[in-house]
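What follows is one structure encoded as C-alpha cells, with my remarks underneath.
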Amino acid sequence: MAQAEKGRLNYRCPSCFLRDLDIDMFFDKDKGEYYCIRCQYTGTEEDVLAKNQLARVRYRAMGKRFTEEEFDL
Ligand SMILES: [Zn+2]
C-alpha cells in the first residue's frame, strides 16, 4: 500500500506516441504531473490516461472499419 510510487506503471507519452515514438514519461512529484523529456508534454495521470486511450483507439482503428454500434453514444 505504501509503495504507490514504485508500483506505478510507466506511462507512455501520448504526444510522442501519436508521432510513432514510444517514450516513457517521468513523474514530477512536486507538481504531481508526468512529463516527457522529448517533447514539451506535461499532464496529470488522468490526462495522460485519457490521451493514451485516444491514441489506442486511433491506432486500433487503423486496420478496420467502424460499424454503427461503435458510435453508440
Ligand atoms: Zn513526448
Side-chain angles (χ1 to χ4, degrees):
M1 292 293 274
Q3 294 185 334
E5 291 302 321
K6 201 177 177 185
R8 265 173 207 272
L9 294 170
N10 278 333
Y11 290 119
R12 166 190 291 150
C13 173
S15 182
C16 288
F17 186 54
L18 287 173
R19 300 188 194 103
D20 293 329
L21 297 168
D22 198 349
I23 309 290
D24 280 340
M25 290 191 296
F26 291 85
F27 186 66
D28 186 333
K29 286 181 190 168
D30 293 334
K31 291 183 183 172
E33 288 182 343
Y34 286 86
Y35 64 95
C36 176
I37 54 167
R38 195 179 181 285
C39 69
Q40 298 300 310
Y41 178 82
T42 62
T44 62
E45 181 173 7
E46 202 173 45
D47 191 44
V48 172
L49 287 173
K51 287 192 167 64
N52 266 329
Q53 185 62 30
L54 286 176
R56 255 198 299 273
V57 168
R58 179 188 149 185
Y59 272 74
R60 192 184 293 152
M62 279 176 87
K64 72 179 237 185
R65 287 181 179 273
F66 285 108
T67 60
E68 281 193 23
E69 296 87 74
E70 287 174 273
F71 288 102
D72 187 16
L73 302 174

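These numbers come from a predicted model, not from an experiment. Read the numbers this way: they start at 1 and go in the same order the structure lists the ligands and their atoms.
Between the side chain of N52 and the backbone N or O of R12 there is at least one donor-acceptor pair closer than 3.5 Å.
Using a 4.5 Å cut-off between side-chain heavy atoms of Ile, Leu, Val, Met, Phe, Trp and Tyr, with links allowed through other members, I23 and V48 fall into different hydrophobic clusters.
With rounding to the nearest 0.5 Å, the separation of CG in L54 from CZ in F17 is 12.0 Å.
Y34 and D24 are not linked by any side-chain donor-acceptor pair at a separation below 3.5 angstrom, with hydrogens and angles left out of the test.
Here the side chains of C39 and C13 are in contact, with some heavy-atom distance below 4.5 Å.
Around the Zn ion (ligand 1), the protein N, O or S atoms found under 2.8 Å comprise C13 SG, C16 SG, C36 SG, C39 SG.
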Going through the checks in order, is the side chain to side chain contact (heavy atoms under 4.5 Å, CB included) test met by M25 and Y41? CA-CA 9 Å; M25 290 191 296; Y41 178 82; 3.6 Å; yes
